Amino acid sequence: MPWTAVRIKAAKGREKIVCLTAYDYATARLVDEVGLPLILVGDSLGMTVLGYAHTLPVTMFDMLHHTAAVARGVQNALVVADMPFMSYQVSVPQALANAGRLLKVGAKAVKIEGGELRVPTVCALVANGIPVLGHIGLEPQSIQTMGGYKVQGRTPDAAAVLLRDARALEAAGVFALVLEGIPAELAGRITASVGVPTIGIGAGPQCDGQILVLHDLLGLIPGARQPRFVKRYAELGAAAKVAIADYKQDVEQGRFPGPEQCY
Ligand code: KIV
């Protein structure tokens, strides 16, 4: 049975919700075939795929293009598309129109960053049939006002704001909530105080699920900045460089193509 937003919401307290990003057909197939319930077409593709320094330059065109490719590779996971910077902030009608475009190319839900401020947007999206994944804590689209990639919610006041944000987003109708870059103890308190699943990234083990950027987990970009919360499960970037260097040598020295590659 394919995963839906309703099924993900109901998984709270029953099973750990394991999520990853994917940005194209090939990686989406890999993640889906392993059986993960949720694949996020993250605007982190700005860094991992498009080579930007942060997510702010990512456009609706980029997200539509990559969401469509991911959707073509997925049979079972819930495909969630990130709404890029300034595609939902200007007005609720703008958010509705852009979220609708993402669903038309294959997303089954959208993710937006921000707390209580986003309540009208979340209400309007959900009321119009678009499931929403919330995202609070470290919000990469707000690095200019946050002063960089900094852990959030460290003071009692800041923690209280995040707790309030989480409850407000739940009341507005999000089906789950990404908690990024907050102390593990606070993530545990938020998880216990909302009825929707929390999906942590740099938020400790007490969340209902976890998400990582696929390229970080696979070590696809050798030498890339690696936050402390990342665990690398492979060094595919280094392995790929060895394979490319072997191919180069084979061609240069006349070993490729060999008789078995010839017609
Ligand atoms: O863009 C992204 O990849 C995200 C994360 C939650 C992984 O927002």
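Since this is a predicted model, take the numbers as computed values, not measurements. Counting convention: from 1, in listed order, for ligands and their atoms alike.
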> What atoms in ligand 1 come closer than 4.0 Å to a heavy atom of H135?
Replying inline: 8 (O)

>> Need the ligand 1 atom indices (1-based, order shown) with element for anything under 4.0 Å from a heavy-atom of G42.
In response: 1 (O), 2 (C), 3 (O)

Does any N or O of ligand 1 fall below 3.5 Å from an N or O anywhere on [X], backbone included?
{"X": "T21", "value": "no"}
{"X": "E180", "value": "no"}
{"X": "Y23", "value": "no"}

Shortest non-hydrogen separation from [X] to [Y] and the atoms involved:
{"X": "I199", "Y": "C19", "answer": "CG2-SG, 3.8 Å"}
{"X": "Y88", "Y": "R118", "answer": "CE1-NE, 3.5 Å"}
{"X": "E116", "Y": "A168", "answer": "CG-CB, 3.7 Å"}

Please list the nearest protein heavy atom to [atom] with its residue and the distance rounded to 0.1 Å.
{"atom": "atom 7 (C) of ligand 1", "answer": "I201 CD1, 3.7 Å"}
{"atom": "atom 2 (C) of ligand 1", "answer": "S44 OG, 3.3 Å"}
{"atom": "atom 5 (C) of ligand 1", "answer": "L40 CD2, 3.9 Å"}

> Does ligand 1 have a heavy atom under 4.0 Å from the side chain of D82, from its backbone, from both, or from neither?
Replying inline: side chain

> Would K111 count as a contact of ligand 1 if the rule is a heavy atom under 4.0 Å away?
Replying inline: yes

>> With no hydrogens and no angle check, just 3.5 Å: does a side-chain donor-acceptor pair link D216 and Q226?
In response: no

> Just by distance, with hydrogens left out, do Q141 and Q89 show a side-chain donor and acceptor under 3.5 Å apart?
Replying inline: yes

> If we only count heavy atoms from C-beta on, is the K108 to V80 side-chain gap below 4.5 Å?
Replying inline: no

> Looking at the rings of H215 and Y23, which for Trp means the six-membered one, are their centres under 6.0 Å apart?
Replying inline: yes

